[in-house]
Amino acid sequence: MKVLANEKDLQRKIKVIGDINLNNQSVGYLPQFMDEKWEKLMVEDYFLRETPLDEPNYDNYLLYSVISENFSKFKLNFEELLLRNINELSGGERIKIQLIKLIIKDYDILILDEPTRNLSPMTNPALREALIKYNGTIIAVSHDRTFLKEVCDRFYKLTNDKLEMVNGI
């Protein structure tokens, strides 16, 4: 997943040979764990910056109505959470804000690594609905078979170095 998302810190851990050509498509990535550098910042900062070290992009305030609308869909209180530090959020709240940020950016490709972890059954319908309506390509890894069946139309199995398409899961 990290190779597809072109994660920069990956180069320190493994050697990647060759290139992945995404034909200049934009890629949004939901990692299994949020970068620790975000934890000292507020939720508002998360939506104003691309990375934790970037300066805030105040043009993102124009997206606040869309962000607020998505907070409601994911059963989050926008006004309450916006000024809280990310390290104060539950695992489910962290996943939700990451998903909201990805969904509103309108990437060509979404790469989701275990998107349903830490989400309550009440929240999963909001995630499923958002992904079903999503116009781009979604690549998801999940142990939640129900989620995969509802959101995905093709399934692949990766075993060691072999990738094969399978009929259903």
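A quick note: this is a predicted structure, and the numbers were derived from the prediction, not measured. Values below: every heavy atom of this structure, side chains too, minus hydrogens, waters and symmetry copies.
- Distance check, rounded to the nearest 0.5 Å: NZ of Lys40 to CG of Asn87 gives 9.5 Å.
- Between the CD atom of Glu39 and the CG atom of Asn85 there is a distance of 10.0 Å, given to the nearest 0.5 Å.
- At distances below 3.5 Å, not a single donor-acceptor pair connects side-chain atoms of Arg94 with backbone N or O atoms of Gln98.
- The minimum heavy-atom distance linking Val166 with Lys157 is given by the pair CG1-CB, 4.1 Å.
- Applying the 6.0 Å contact sphere to CD of Glu55 captures no more than 12 heavy atoms from other residues, nucleotides or ligands.
- Between Asp144 and Phe147 the shortest heavy-atom distance is OD1-N, 3.0 Å.
- Distance alone, capped at 3.5 Å, is enough to place a donor-acceptor pair between the Ser90 side chain and the Glu93 backbone.
- Other residues, nucleotides and ligands contribute at most 12 non-hydrogen atoms within 6.0 Å of the CZ atom of Arg145.
- In this structure, Lys101 NZ and Asn70 CG are separated by 14.0 Å, a value rounded to the nearest 0.5 Å.
- For the ring pair (Phe, Tyr, Trp, His ring centres under 6.0 Å) condition, the pairs that include at least one residue of residues 40-70, sequence neighbours left out, are Trp38-Tyr46, Phe47-Phe71, Tyr58-Tyr61, Tyr61-Tyr64, Tyr64-Phe78.
- Atom CG of residue Asp113 and atom CD1 of residue Ile139 lie 11.5 Å apart, to the nearest 0.5 angstrom.
- Under the salt bridge (Lys or Arg N to Asp or Glu O under 4.0 Å) criterion, Lys105 pairs with Glu50, sequence neighbours left out.
- Scanning both residues, Arg117 and Pro31, for their nearest heavy atoms gives NH2-O, 2.8 Å.
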Criterion side-chain contact (heavy atoms from CB on, under 4.5 Å) on Ile100 and Leu76, from CA distance to verdict:
CA-CA 11 Å; Ile100 291 167; Leu76 295 172; 4.1 Å; yes
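- The two atoms that bring Val141 and Pro115 nearest to each other are O-CD, 3.5 Å, heavy atoms only.
- To the nearest 0.5 Å, atoms CG (Asp35) and OG1 (Thr51) are separated by 8.5 Å.
- Counting only distance, with no hydrogens or angles, the side chain of Arg49 and the backbone of Asp54 share a donor-acceptor pair below 3.5 Å.
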Worked check of side-chain contact (heavy atoms from CB on, under 4.5 Å) between Leu110 and Thr137:
CA-CA 6 Å; Leu110 284 183; Thr137 299; over 6 Å; no
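- Within 6.0 Å of the CG atom in Asn77, the count of heavy atoms belonging to other residues, nucleotides or ligands exceeds 12.
- Checked by atom type and distance alone, the side chain of Asp45 never pairs as donor or acceptor with a backbone atom of Leu41 at under 3.5 Å.
- With hydrophobic clusters built from ILVMFWY side chains whose heavy atoms lie under 4.5 angstrom apart, Met42 does not share a cluster with Leu63.
- Of all non-hydrogen atoms in Leu131 and Ile138, the two that sit nearest each other are O-CD1, 3.5 Å.
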Report the C-alpha separation of Met34 and Ile97 in whole Å, then their side-chain angles, then the decisive distance to 0.1 Å, and conclude whether the side-chain contact (heavy atoms from CB on, under 4.5 Å) test is met.
CA-CA 10 Å; Met34 183 181 253; Ile97 66 167; 4.1 Å; yes
side-chain contact (heavy atoms from CB on, under 4.5 Å) between Ile67 and Asn60, worked out
CA-CA 10 Å; Ile67 295 169; Asn60 288 347; over 6 Å; no
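- When all heavy atoms of Thr146 and Arg128 are compared, the closest pair comes out as CG2-NH2, 3.9 Å.
- Side-chain contact check for Ile111 versus Leu30: every heavy-atom pair is 4.5 Å or farther apart.
- Note that NZ of Lys96 and CD1 of Ile103 are 12.5 Å apart. Values are rounded to the nearest 0.5 Å.
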